[in-house]
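Worksheet: the structure to be examined is printed underneath.
Each chain gets a letter, A, B and so on, in the order the sequences are listed, and its residues count up from 1. Please read all numbers here as calculations on a predicted model, not as lab measurements.
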4 protein chains.
Amino acid sequence: MNDHSVFGVPGPPVPPGDPGRDAAALRAVGAGAGAPEGRPGRPGRRRSDDSRRAILAAAFEIVSEVGYARLTVEGIAARAGCGKQTIYRWWPAKADVLLDALAEQADLHVPLTDTGSYAGDLRAFLAASFALGGSREVAGVLRALMAEAQIDQDFGARFRAAFLRRRREALGVILDRARTRGDLPAAPPPGTVADIVFGTLWYRLLATREPLDEALIGDLVGVLTAA
Amino acid sequence: MNDHSVFGVPGPPVPPGDPGRDAAALRAVGAGAGAPEGRPGRPGRRRSDDSRRAILAAAFEIVSEVGYARLTVEGIAARAGCGKQTIYRWWPAKADVLLDALAEQADLHVPLTDTGSYAGDLRAFLAASFALGGSREVAGVLRALMAEAQIDQDFGARFRAAFLRRRREALGVILDRARTRGDLPAAPPPGTVADIVFGTLWYRLLATREPLDEALIGDLVGVLTAA
Amino acid sequence: MNDHSVFGVPGPPVPPGDPGRDAAALRAVGAGAGAPEGRPGRPGRRRSDDSRRAILAAAFEIVSEVGYARLTVEGIAARAGCGKQTIYRWWPAKADVLLDALAEQADLHVPLTDTGSYAGDLRAFLAASFALGGSREVAGVLRALMAEAQIDQDFGARFRAAFLRRRREALGVILDRARTRGDLPAAPPPGTVADIVFGTLWYRLLATREPLDEALIGDLVGVLTAA
Amino acid sequence: MNDHSVFGVPGPPVPPGDPGRDAAALRAVGAGAGAPEGRPGRPGRRRSDDSRRAILAAAFEIVSEVGYARLTVEGIAARAGCGKQTIYRWWPAKADVLLDALAEQADLHVPLTDTGSYAGDLRAFLAASFALGGSREVAGVLRALMAEAQIDQDFGARFRAAFLRRRREALGVILDRARTRGDLPAAPPPGTVADIVFGTLWYRLLATREPLDEALIGDLVGVLTAA
DNA sequence: TCTTAAACGAGACGGTACGTCCCGTCTTCTT
DNA sequence: AAGAAGACGGGACGTACCGTCTCGTTTAAGA
């Protein structure tokens, strides 16, 4: 397997053991995006996949049209044609809806194809990451999620676990491979490489809002393969 | 002059020529932190400096105690013992209050002492910047401001102009000096150096929330002086 | 049927045919006092009758204690233990709340018993009307409503339709009966009789604030049955 | 002297004895309309008559244009080109400004010419009173004043003393003359006559808002001279 | 087939904060 | 001392959403 899925990798969508109170929270991150099957052997109506998709689409559209500040749960429900409770039942906060919507709308898969060299792998990884931010809508959602992660501590934890950490793990695969191969520079250490790579990327997105272009990829690869 | 003030450098706080309608909005960013002098030769009660300071202190305290999500204009007014209108009169949004509060509470001056080498200058710059983020309260405010800058477009523009750009300009002084001195590496270009430096810094603050430590300074300086 | 209810006479409180968009506004005047039944066969939580009653009671109490000038929607909500929106959802203005509270608290029914003579009917009508104004609280509410009707044009129209007109209609029944019976004086015409009767009553209430006593009843009946 | 001035009759406009704290309140009612002379032998700037007139005119215009609900002290000051303090210095409430504005704008003098008969005097009195209410603007102001008198107890007392009582006194002159002359009916007593006359008049103004026409005069005179 | 249980749409609920308006007071400089 | 100007502390407005709580309805699983 060459690809690394951002969401949904580690386990089955629904924890089979305990459909308890916190199940929604767990499901909502990384798994809410998956199939909406409630545990099979249970009475009662099943989760509506139509609603789920309508909600994600509505959230993505609204945030694209009017921005995160004007994204409200009531607005999502109205556009999706569902009740508010249906949203609160499955996602703990509107940012989680957006996180799932991102996974639904954008291709978050990072190619981890072995290009034969650390520089090549890095270049491919950066190109794919930059492509993501190339979409105005996706960039807006990413900015909103990172912002909300600062404001809502709980969502921050979920965002780190479900999104940021997986990107770092993906980069980790490349670094492992380079170490095995023997063309990984001694410095800086892998953790710092990740900080520099993702830091630069996010800084462009959040602070300068300049496009993520080819030149930057060259510069970053240059800096990280120099020593 | 060796120091570079983050706020208030380029010009006098109050535009001397035209005390026009939008002066309040202008003053509120980066200059609202300055003295609250309405032009003296004008009728009418003067802006209360007591209130101004009470508001900034209240904002900083509240955000330190309960976080940005629970910082409200009403809460600031209540703690500062002033009316809400007094806040709205001088700051366009609560984030602007916080931006001024930051300038009031934290030492935002960056030392630009010439240490004799690019590496030394960079090391000093990073140490001072990291020291800022070392305070739990200041780090919290910085996170909140960057978050709000993503959510409120107008504040984003003010935040970039009043804060982010000035930090880049400070770093620019170091890079200029290195170029003159002749020990600036050919790559990466200055703009990318800034992206990498600030990107890494902010990424630690926003994403990993790991402490900004000595090791990271060494790694960054190493990477940027290698080529 | 001998009695003439001030509110709710012409039809059932809730128009059975069409529960349209403006139903709330209609219900709020003269019918808001009735049962709070949203049509049963509708989804969604029903209107809370506890809240409705608590709001009316709170409004009446506050206005009795501190006067109409210090009656605020926020105060009503606080005392009633409900949200402000619950008030705004069902009444267009605080005066309408008070109008319903009046109907809830005071006996606004006017006895139209046939006493056998115009003078007797009139005397009974006046006695019942005066009794209303005899309560300090009810008199205060009536003054406030008439005042608000002057200041808020829209409420004025509702007040006339829901209160003033119905009183006139009640008096009209007496006049009709007298005409049929043949003991109605030729002059003045019925409309003027109503103007004189209600005018004198309201003038005492609003302008002189003297008690509405037996002597005045005698004088009025005397004047109107003289010719 | 045949005429009876509504305002300013009983005494000199400025109480000569004590220019104390409450002087403004006293002067403001019925006397604020008079000459704006501060006590002559006093240092300091004299009261500006320009401002006084500008304020009264502004108040009358605003209330005519947008109604009493939207009449604010700030609005008056802005249109009059004066400071708010200048209003608060001379009038205790905006309704008092309006009361003075009414006296300034409308002819409130009631003709007490002796027509030779009670019926004739009454007819002339009513015609003059009805003429007042014929102006849309003046009617609006009267409605607002009576409304405010219900809501603000203190203004109510001033309004009764400065306006309502004087109208009653004017009618009292007619009644006295009729008694002397011998053509005053035994019933109803003078107080009730005033209640009926003014009650009917105000009721038309406040409640039915129908025009005050000739027919009503005839009916009233008929009723009151019948017995 | 009937019962039970869950999810659904709808929408009212108690509540918090918003940003605005205006109050009446308090400086400040000018007349 | 009064005037224009205008900032001040304060209170209420009417609105927007929050997250929760009924409602009647729909859909499934188990009896």
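Between B:Ile55 atom CD1 and F:dG10 atom C1' the separation is 14 Å, expressed in whole Å. In this structure, CZ of D:Arg52 is placed 16 Å from C1' of F:dG3, rounded to the nearest angstrom. Atoms CZ (D:Phe155) and P (E:dC23) sit 15 Å apart, rounded to a whole Å. Going from atom CZ of A:Arg53 over to atom P of E:dC8 covers 13 Å, rounded to whole Å. Residue D:Gln85 contributes atom CD, which lies 12 Å from atom C1' of E:dC23 at whole-angstrom precision. Rounding to whole angstrom units, CG of residue D:Asp50 and C1' of F:dG3 are separated by 12 Å. In this structure, A:Tyr88 places its OH atom 15 Å from P of E:dC8, rounding to the nearest Å. Separating the CD1 atom of D:Ile87 from the P atom of E:dC22 is a distance of 13 Å, rounded to the nearest angstrom.
Of the two residues contacting DNA chain F, namely B:Gly81 and C:Thr72, the nearest-nucleotide position lying further toward the 5' end is that of B:Gly81. The nearest heavy atom of DNA chain F to D:Gly83 and to A:Val73 marks one nucleotide each, and the one closer to the 5' end goes with D:Gly83. Projected onto DNA chain E by closest heavy-atom contact, D:Arg70 and A:Arg45 fall at different nucleotides, the more 5' of which corresponds to A:Arg45.
Evaluation of atom-type donor-acceptor distances gives no pair under 3.5 Å for the side chain of B:Lys84 against the base of F:dG10.
Contact check, B:Arg89 against F:dC8: a side-chain N or O comes under 4.0 Å of OP1 or OP2. Remark: A:Ser51 is in phosphate contact with E:dG9, judged by side-chain N or O atoms under 4.0 Å from OP1 or OP2. Proximity of B:Arg42 to the phosphate of E:dT28: no side-chain N or O atom is located under 4.0 Å from OP1 or OP2. Phosphate proximity of E:dC13 to C:Trp90: present, with a side-chain N or O under 4.0 Å from OP1 or OP2. Of the side-chain N and O atoms in A:Arg47, none sit less than 4.0 angstrom from OP1 or OP2 of F:dA28. An OP1 or OP2 oxygen of F:dA4 is reached within less than 4.0 angstrom by a side-chain nitrogen or oxygen of D:Thr86.
Classification of B:Lys94 and B:Glu74 as a salt-bridged pair fails, no side-chain N sitting under 4.0 Å from a carboxylate O. Ionic pairing of A:Arg53 and A:Asp49 is present here: one or more N-O contacts between side-chain nitrogen and carboxylate oxygen are shorter than 4.0 angstrom.
Residue contacts shown for A:Gly75 are absent, as no nucleic acid heavy atom lies under 4.0 Å away.
In this structure, D:Arg46 is not positioned above the aromatic face of D:Trp90 in the sense of NZ or CZ being under 6.0 Å from the six-membered ring centre and within 45° of the axis.
Distance CD1/D:Ile151 to CD1/C:Ile151: 4.0 Å, rounded to 0.5 Å.
Looking at heavy atoms from C-beta onward, A:Leu56 lies out of side-chain contact with A:Phe60 at the 4.5 angstrom threshold.
Residue A:Ser48 has its side chain nearest to E:dC8 when only E:dC8, E:dC23, F:dC17 are considered.
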